[in-house]
Amino acid sequence: MPAVSKGDGMRGLAVFISDIRNCKSKEAEIKRINKELANIRSKFKGDKALDGYSKKKYVCKLLFIFLLGHDIDFGHMEAVNLLSSNKYTEKQIGYLFISVLVNSNSELIRLINNAIKNDLSSRNPTFMCLALHCIANVGSREMAEAFASEIPRILVAGDTMDSVKQSAALCLLRLYKTSPDLVLMGEWTSRVVHLLNDQHMGVVTAAISLITCLSQKNPDEFKTCVSLAVSRLSRIVSSASTDLQDYTYYFVPAPWLSCKLLRLLQCYPPPEDGAVKGRLVECLETILNKAQEPPKSKKVQHSNAKNAILFEAIALIIHYDSEPNLLVRACNQLGQFLQHRETNLRYLALESMCTLASSEFSHEAVKTHIETVINALKTERDVSVRQRAADLLYAMCDRSNAKQIVAEMLSYLETADYSIREEMVLKVAILAEKYAVDYSWYVDTILNLIRIAGDYVSEEVWYRVIQIVINRDDVQGYAAKTVFEALQAPACHENMVKVGGYILGEFGNLIAGDPRSSPLVQFNLLHSKFHLCSVPTRALLLSAYIKFINLFPETKATIQEVLRCDSQIRNSDVELQQRAVEYLKLSSIASTDVLATVLEEMPPFPERESSILAKLKKKKGPGAVSVTEMEDGKREGGELNGGGDRGPDASAMAASNASTPSPSADLLGIRPAAPVSAAPASVGSLLVDVFSEAGPAASSAAVNDEGFLSSAPPSEDPAPPLSEADELLNKFVCKNNGVLFENQLLQIGIKSEYRQNLGRMYLFYGNKTSVQFASFTTTVSYPGELQSQLNVQSKPVEPLVEGGAQIQQVLNIECLTDFSEAPLLNIKFRYGGALQNLTLKLPVTINKFFQPTEMASQDFFQRWKQLSQPQQEAQKIFKANNSMDTEVLKAKLLGLGMALLDNVDPNPENYVCAGVIQTKGQQVGCLLRLEPNAQAQMYRLTLRCSKDSVSRRLCELLAEQF
């Protein structure tokens with residue numbers, strides 16, 4: 001930039017600013033400003049033409065007044081006129097005024113654009129930079145339309161000065177962020193990527209910011225940047241601090257550029273080229289080695305720059321998750337930071353180790369630091385560091401250390417910050433369930449949880465312990481005994497009373513043989529808590545009392561006396577009053593057999609995902625665990641025969657064999673809601689209203705707040721999947737388009753596309769008749785655990801389909817983690833007054849989310865050997881179902897979504913493929929080998945994946961295709 005000479009100082013501006021600062025009051029300031037505005041207005045309107053210096057001075061005053069918070073409604077034209085000046089200082093003030101005050105909708109925008117075009121074509125680097133800065137500062141769509149095609153040309157031109165290239169790259173980045181549809185690189189792509197090889201480090205630093213942003217949106221177009229980025233990173237990492245003297249910061253060469261290069265590489269999978277990958281691994285090893293070297297300076301700037309590069313390198317190692325040696329080394333390096341005196345480093349180390357704990361290669365290495373992490377949880381003064389320590393304990397927990405970690409988290413709960421207690425409670429409950437091999441330990445843990453942090457124990461937690469106790473005969477007696485003892489404490493949390501009331505009402509008979517816990521003692525113990533509880537809990541206790549009458553006839557008179565008292569049958573709360581009256585009447589008029597039938601023991605809950613996991617997924621803010629962690633927890637947490645998501649208030653509906661929805665409802669607003677009771681008694685109810693004529697399953701269909709489909713009325717329950725549903729699904733494993741289903745009334749066509757972990761499916765419903773379809777509805781549902789693995793969004797379809805017409809429905813699909821089941825599509829409509837109800841399986845299979853990966857022969861078999869654990873391989877030998885035509889086989893393998901690798905297998909008759917399944921939480925690498933035996937008309941199919949469940953599922957799918 002040209003230096004500003006002493007003659008460029010504006011004395012009038014300095015005097016005006018001094019006057020403003022010397023004003024004693026707001027009124028005096030406004031008076032001085034109004035006087036100055038009047039003077040400037042008269043000068044601009046005067047007959048005498050102002051010279052450039054005067055215009056510049058007055059425009060500067062207007063800018064200063066605007067920055068003080070006053071509106072400026074004139075002077076814009078004078079600022080535009082300054083743009084045509086040949087003096088740098090005048091042009092600079094003009095651009096500054098425009099950047100701050102001119103609206104993108106201004107009438108002057110065309111004049112401004114013309115002035116900018118003149119400066120961009122002037123080849124004066126100073127003027128070009130001013131113009132580019134103005135475009136970036138305004139950043140409007142009009143600017144993007146005018147200059148988006150011009151700036152890339154300036155950026156890659158051979159005669160453009162380095163300072164201009166830097167400004168052009170950052171200007172283009174700004175326009176791309178505001179109007180990505182207007183910034184089309186096209187022919188400039190390769191030349192922009194090659195800026196990474198520019199000799200000027202400033203140009204490379206600016207260009208890499210642009211390339212990173214472009215790569216995130218269009219990774220395929222810019223994938224050539226990977227090798228160039230690795231090459232540039234290698235040169236920086238291997239250089240001495242003296243080699244890059246102008247870009248060395250406290251003995252660290254080009255730290256900002258190194259961090260940006262490492263961040264760019266995180267946009268892509270590991271390099272496929274062996275040489276590039278080897279060079280990158282060397283770079284990462286060098287960075288880890290340098291972290292072990294003694295510091296070259298004691299100043300904090302040196303350690304900050306060094307650690308910034310180190311943490312980005314570790315983030316890249318975690319992203320690749322393919323180099324066991326690097327992952328373990330990264331873990332050990334982070335372990336050293338756990339005891340560093342710098343709080344920020346401890347925080348970052350804990351955060352990175354949370355991610356490392358989910359890798360199969362580094363999980364064991366992370367576990368070696370358990371004592372340090374537990375110590376951090378106990379002694380750290382910063383709450384955010386303690387929260388990260390709790391997250392890491394949750395992530396590193398497995399069967400070998402579950403009891404220790406749960407005990408430490410329970411101990412910490414007693415003194416934990418209020419802001420994280422609820423999340424800690426959820427994590428303890430999940431870990432206790434997930435790794436419980438001894439059910440008595442699980443019950444003890446949850447009751448201890450309620451005792452320590454009862455206010456933070458949500459309904460989902462105590463619902464879950466009840467579901468598990470009901471489903472496990474071997475723990476019911478222990479649970480009854482333990483909860484009876486817990487209720488004897490003088491101060492007892494209300495959640496403990498709920499659990500106690502429910503469990504004793506169901507299983508109190510199992511401990512009634514002991515005189516110390518006789519039926520009357522149990523009743524008196526529960527009733528002593530009654531007056532301290534809220535209405536929902538009292539309602540639950542009343543239901544427990546009526547259960548007692550069935551379990552222990554000897555308590556009938558005592559309980560009827562309680563139900564008969566005025567405080568119950570004349571209670572101001574209508575719910576309690578109704579229960580007391582109805583239970584009293586039921587106990588008086590019903591025979592023993594009827595009473596036993598109505599009040600029979602709760603049946604086991606159906607298997608569903610734990611509602612505690614659903615609750616944890618809803619947690620937002622700092623410290624919330626990732627969806628991946630929770631999905632991993634769900635996959636491993638099947639040891640307990642836990643029930644579904646029903647709350648204890650659903651026992652009556654369970655007795656009527658009607659399902660009950662999760663108390664946490666649908667997390668994403670996309671799953672069809674389960675039928676809900678038309679008039680639920682209350683949160684704490686145990687029994688249905690036995691005198692009510694309304695059935696427990698009364699409900700109505702609705703569309704939820706998000707506009708997505710809700711379930712149909714239970715009187716028209718979805719039909720079970722068609723017998724040929726699996727056969728129809730298999731037709732689409734290796735193709736995306738076609739007719740899914742057809743009968744004499746309806747044809748359903750499908751067209752779908754997938755990219756990374758996202759997909760879009762178009763469903764076409766065709767009416768083959770001449771009669772209108774009425775009340776046409778579709779519902780997507782999730783069998784088993786699929787809801788936490790796949791996210792399918794669908795808008796309602798038109799309810800009327802005219803004869804011969806076709807309607808379209810769009811489904812947006814997101815793969816959260818690997819899955820084996822397919823979502824169900826239920827279609828209902830009325831044809832000639834008759835209800836048509838059919839259910840199909842949507843052809844969404846795990847292979848749809850493949851990203852093909854090209855590999856050389858050496859890399860393929862090296863990776864094949866790495867995936868050598870027995871559980872990572874799935875193999876099947878089967879008879880050929882179709883002709884063994886080479887072209888058909890190739891087409892099917894390509895349709896599968898993997899890359900078909902030529903000249904890799906030593907046997908030319910064999911087929912090998914490679915791909916990566918992209919889910920929201922992780923990437924799963926997969927290798928396939930298909931060995932045909934034409935003589936025997938047999939195949940041997942072998943799959944090796946980094947996740948065993950994926951290997952098995954893909955093997956099952958593919959065996960049906962050949």
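Computed over heavy atoms, backbone and side chain alike; hydrogens, waters and symmetry mates excluded.
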(request) Would you mind reporting whether Gln851 and Pro269 have side-chain heavy atoms less than 4.5 Å apart? (result) no

(message) Using side-chain heavy atoms (C-beta onward) and a distance below 4.5 Å, is Asp726 in contact with Lys841?
(response) yes

(request) Nearest 0.5 Å please: distance from the CG atom of Leu954 over to the SG atom of Cys913. (result) 11.5 Å

(request) Considering only NZ, NE, NH1 and NH2 on the basic side and carboxylate oxygens on the acidic side, decide whether Glu956 and Arg952 come within less than 4.0 Å. (result) no

(request) Look up atom NZ in Lys434 and atom NZ in Lys427, then write down how far apart they are to the nearest 0.5 Å. (result) 11.5 Å

(message) Measuring from atom CG of Leu763 to atom CD1 of Ile807, what distance do you get when rounded to the nearest 0.5 angstrom?
(response) 10.0 Å

(request) Provide the closest heavy-atom pair for Ala148 versus Leu182 in the form atom of the first, atom of the second, distance. (result) CB-O, 3.6 Å

(message) How long is the straight-line distance from CD1 of Ile827 back to CD of Gln809, given to the nearest 0.5 Å?
(response) 9.0 Å

(request) Check the angle between the aromatic planes of Phe773 and Tyr831 and answer parallel, tilted or perpendicular using the 30° and 60° thresholds. (result) perpendicular

(message) Distance alone, cut at 3.5 Å: any donor-acceptor contact between the side chains of Gln266 and Arg263?
(response) no

(request) Determine the minimum heavy-atom distance between Cys213 and Tyr176, stating which atoms define it. (result) SG-CD2, 3.6 Å

(message) So does Val792 get a backbone contact from the side chain of Tyr782, meaning a donor-acceptor N/O pair under 3.5 Å?
(response) yes

(message) Run the side chain to side chain contact (heavy atoms under 4.5 Å, CB included) test on Leu746 and Val801 for me, step by step, so that the C-alpha distance in whole Å, both residues' side-chain angles and the decisive distance to 0.1 Å come before the verdict.
(response) CA-CA 11 Å; Leu746 177 69; Val801 185; over 6 Å; no

(request) Decide yes or no for Ile750 and Pro843: does some side-chain heavy atom of the first lie under 4.5 Å from some side-chain heavy atom of the second? (result) yes

(request) Measure from the side-chain N and O atoms of Asn791 to the backbone N and O of Glu814, and report whether any donor-acceptor pair falls under 3.5 Å. (result) no

(message) Tell me the closest heavy-atom pair linking Ala390 and Met424, and the distance in Å.
(response) CB-SD, 3.4 Å

(request) May I have all residue pairs that pass ring-ring contact (aromatic ring centres under 6.0 Å, His included) and include part of residues 726-760, sequence neighbours excluded? (result) Tyr754-Phe849

(message) Tell me which one of Val844, Val780, Leu758 satisfies side-chain contact (heavy atoms from CB on, under 4.5 Å) with Ile813.
(response) Val844

(request) Give a yes or no answer on whether the side chain of Thr919 reaches the backbone of Cys815 with a donor-acceptor pair at less than 3.5 Å. (result) no

(message) Determine whether a donor-acceptor pair (N or O, by modelled atom type, separation under 3.5 Å) exists between the side chain of Asn737 and the backbone of Ser752.
(response) yes

(request) Not counting sequence neighbours, which residues clear side chain to side chain donor-acceptor pair (under 3.5 Å) with Asn743? List them please. (result) none

(request) Go through the steps to decide whether Thr839 and Asn826 satisfy the test side chain to side chain donor-acceptor pair (under 3.5 Å), and finish with yes or no. (result) CA-CA 4 Å; Thr839 301; Asn826 176 251; 2.9 Å; yes

(request) Start with the C-alpha distance between Glu802 and Asn767, add both sets of side-chain angles, then the distance that settles side chain to side chain contact (heavy atoms under 4.5 Å, CB included), and finish with yes or no. (result) CA-CA 7 Å; Glu802 298 295 340; Asn767 183 346; 5.9 Å; no

(message) Tell me every residue that passes ring pair (Phe, Tyr, Trp, His ring centres under 6.0 Å) with Phe222, counting only those two or more places apart in sequence or in another chain.
(response) none

(message) Can you tell me how far apart CG (Leu840) and CG (Leu838) are? Round to the nearest 0.5 Å.
(response) 5.5 Å

(request) For residues Cys397 and Tyr435, report the shortest heavy-atom separation together with the two atoms involved. (result) O-OH, 3.0 Å

(message) Test of understanding: with side-chain contact (heavy atoms from CB on, under 4.5 Å), list the residues that count as partners of Ser384, not counting sequence neighbours.
(response) Tyr347, Asp382

(request) Kindly say whether Ser820 contributes a backbone atom to a donor-acceptor pair with the side chain of Arg953 at under 3.5 angstrom? (result) yes

(message) Under the rule for ring pair (Phe, Tyr, Trp, His ring centres under 6.0 Å), what residues qualify as partners of Tyr268, not counting sequence neighbours?
(response) none

(message) Quick one, Ile846 and Val924 - any side-chain contact, counting heavy atoms below 4.5 Å?
(response) no

(message) Using side-chain heavy atoms (C-beta onward) and a distance below 4.5 Å, is Ser788 in contact with Thr817?
(response) no

(message) Test your reading of the model: is there a side-chain donor-acceptor pair from Ser359 to the backbone of Leu356, 3.5 Å cut-off?
(response) no

(message) Once side chain to side chain donor-acceptor pair (under 3.5 Å) is applied, do any residues pair with Asp948, and if so which ones, sequence neighbours excluded?
(response) none

(message) Quick one: does any side-chain atom of Ser358 pair with a main-chain N or O of Cys354 as donor and acceptor, under 3.5 Å?
(response) no

(message) Whether the side chain of Ser951 engages the backbone of Gln872 through a donor-acceptor N/O pair (distance < 3.5 Å, no angle test) should be reported.
(response) yes

(message) Quick check: do Leu811 and Leu825 have side-chain heavy atoms less than 4.5 Å from each other?
(response) no

(message) Give me the atom names and distance for the closest heavy-atom approach of Ala874 to Cys955.
(response) CB-CB, 3.9 Å

(request) Return yes if some donor-acceptor pair links the side-chain N/O of Asp391 with the main-chain N/O of Ala395 below 3.5 Å, else return no. (result) no

(request) Show your reasoning for whether side chain to side chain contact (heavy atoms under 4.5 Å, CB included) applies to Asp181 and Arg141. (result) CA-CA 10 Å; Asp181 56 312; Arg141 190 167 181 84; 2.6 Å; yes

(message) To the closest 0.5 Å, what do you measure between NZ (Lys848) and CG (Leu896)?
(response) 8.5 Å

(message) What verdict does the side chain to side chain contact (heavy atoms under 4.5 Å, CB included) test give for Gln961 and Leu941, after you've listed the backbone C-alpha separation in whole Å, the side-chain angles of each residue and the deciding distance to 0.1 Å?
(response) CA-CA 11 Å; Gln961 302 301 311; Leu941 173 65; over 6 Å; no

(message) Could you check whether any side-chain heavy atom of Glu821 comes within less than 4.5 Å of a side-chain heavy atom of Gln789, counting everything from C-beta outward?
(response) no

(message) Is there a side-chain contact between Glu351 and Arg388 in this structure, where contact means two heavy atoms from C-beta onward sitting under 4.5 Å apart?
(response) yes

(request) Output yes when a side-chain donor or acceptor of Asp818 lies under 3.5 Å from a complementary backbone atom of Val950, and no otherwise. (result) no

